[in-house]
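Presented below is the structure to which this report refers.
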Amino acid sequence: MLDINIIRDDIEKVKQTVINKNEKTNLDSLLELDSKRKSLLIECDDLRNTRNITSKKISELKSKKEDASDVIKEMKGVSDNIKQLEVDIKALTDELDSILLKIPNIPASDVPVGKDETSNEIIKECGEKRDYSFTPLPHWDIGKTLDILDFERAAKITGAGFTLYKGAGARLERALYNFMLDLHTQEHGYTEIFPPYLVNRASMTGTGQLPKLEEDMYRIPEDDLFLIPTAEVPVTNIHSNEIMSVTDLPTYYTAFTACFRREAGSHGKDTRGMLRVHQFNKVELVKFVRPETSYDELESLLSVSEKVLQLLGLQYRVLKLCTGDLSFAAAKCYDIEVWSPGVDKFLEVSSCSNFEDFQARRSNIRFRDDEGKVHHVHTLNGSGVALPRTMIAIIENYQREDGTVDVPEVLRPYMNGLEVIKKS
RNA sequence: GGAGGGAUGGCUGAGCGGUUGAAAGCGCUGGUUUCGAAAACCAGUUGGGGAGAAAUCUUCACGCGAGUUCGAAUCUCGCUCCCUCCGCCA
């Protein structure tokens, strides 16, 4: 949510933001609603003041055993007025809120303006491309041959877009997230969290998934709960409606969770194998920081995500997203894409975003500074990293001509020393 | 799922329907005192909205939402969460 004062000051800038982010929110009625609400509020406050003063008068009269019936009669009218005004104000507030909740965050000044991913800037490429003396196979072939990934049976059990990991495949998955959690907790100072996988509507609204993306979420209607699309939701909301102490900042959390996405509207696009699935695992990184530090914190967030890929020996590149590809809530975002020789593509495994105070306003997350003043924190999050595509990259990059797959060295301690995945 | 109890400021905990934004204690901050510290004493110590250049004024909030009333932390109803017991269960 944007600060209403920013909108009052420069609504044209906000309108431009809506366009640049490919949103459709209509802001035409916003300022009018806002000023109408304000004038009603003033009127209502005035009447309430009258009511408070008169109430005391009545109480004094009564304690002196004097007649107060005239004053009470007069007050009745005042009270009715207040009630009507309160109803009107509530209606205006609801209408305003429904618009405010649909206004995207304003991109940072150094974010390139662009319509779609073709305007993203590649800011660096890291790691060596491997040479193969053979044509590298895609992971769905390798997974099937080695009997470590089974898409057919997953589809039988649930449906398309789900994965069954088996044997060394399941073990490799487990090795990966344990490796990542250990790295972030032991080397990077993050506190490990294991949050609920189901969250309520307020949490989903707080981080910005709702109201916009309700169709993309799995929902339990009986309880109005949602399966988390990312650990960002429960972890960011850990501090919702709290005033943090300045000594708590920065706070770094990391969480391993499954993530659930309906992916409505993306059917048929990159769906082969586990390129795009409805349920996947991810190790998430979430930061709560002081506003003035948040862009530095974004850089260090990016670097710890990159560290994962570096240690895994994978080739990757980093993109700075343009306005059109930036998510609703983000002010700035870097994507990390890892190279997969079998699929022959770069695959997104992480998005590292600074939300500034956008989520903090929605979730009401604040801190008290050294002078005792209260401000919204800045929140950031990034994947550190998402598992399926990292798994794809490992399997495809580390494949050998004989069909076996080397286990990256850093994962071997997590694989009981296993060096090569062979058909069992 | 059934029965009962509860939800008040950073914490503990009072609170006849009418100067209670809220007693008291603890904690915290500042001051006095001290060579310094402790103790003692004094003062301060919730957040949001609005008006104002500011001082300041005003309004809202006692889990959440409705209602009764001239007036609600206090009464009524619904909901949520927490605790105890019973049932079911990984």
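Order of the sequence lines fixes the chain letters, A, B, ..., with proteins taken first and strands second; residue numbering starts at 1 for each chain. Here the structure is a predicted model, which is why all the values come from computation and not from measurement.
Using C1' as the reference atom, B/G21 and B/U76 are 25 Å apart when rounded to the nearest Å. The C1' atoms of B/A7 and B/G63 are separated by 6 Å, rounded to the nearest whole Å. Taking the P atoms as reference points, B/G27 lies 29 Å from B/U84, given to the whole Å. On the P atoms, B/A24 is 13 Å away from B/U45, given to the nearest whole Å. Spacing between B/G18 and B/U12 at atom P, rounded to whole Å, works out to 27 Å. For the P atoms, the distance from B/G2 to B/G47 is 41 Å, rounded to whole Å. Nucleotides B/C83 and B/U8 place their P atoms 14 Å apart, quoted to the nearest Å. The C1' atoms of B/A22 and B/A61 are separated by 12 Å, rounded to the nearest whole Å.
Nucleic acid contact class of A/I58 (heavy atoms, under 4.0 Å, all strands): base. Note on A/K56: nothing from the nucleic acid sits closer than 4.0 angstrom, heavy atoms only. Residue contacts for A/N52: at a heavy-atom cut-off of 4.0 Å it reaches the sugar-phosphate backbone alone, with no base atom in range.
Taking the side-chain hydrogen bond (donor to acceptor under 3.5 Å, both in side chains) definition, one finds that A/K15 meets it with A/D28, sequence neighbours left out. Residues meeting the side-chain hydrogen bond (donor to acceptor under 3.5 Å, both in side chains) test with A/K156, sequence neighbours left out: none.
Counting only residues at least two apart or in different chains, side-chain hydrogen bond (donor to acceptor under 3.5 Å, both in side chains) contacts with residues 76-85 of chain A comprise A/Q84-A/D88. Applying the side-chain hydrogen bond (donor to acceptor under 3.5 Å, both in side chains) test to pairs two or more places apart or on separate chains, those with a residue in residues 184-204 of chain A are A/H184-A/H188, A/N200-A/S203, A/R201-A/E214, A/R201-A/D224.
The span of RNA chain B lying next to chain A, judged by atoms under 4.0 Å from heavy atoms, is bounded 5' to 3' by B/G18 to B/G71.
Atom CD of A/E292 sits in a crowded spot, with more than 12 heavy atoms from other residues, nucleotides or ligands closer than 6.0 Å.
Between A/Y253 and A/H239, the angle of the ring planes stays under 30°, which puts this pair in the parallel group of the 30/60° scheme.
Side chains of A/T247 and A/S245: a donor-acceptor N/O pair is present below 3.5 angstrom, by distance only.
In this structure, A/E396 does not pair ionically with A/K345, as no charged nitrogen and carboxylate oxygen lie closer than 4.0 Å. Salt-bridge annotation for A/D150 and A/R153: present, with a side-chain N of the basic residue lying under 4.0 Å from a carboxylate O of the acidic one.
Residues of residues 27-39 of chain A having a heavy atom closer than 4.0 Å to RNA chain B, listed by number: A/K38.
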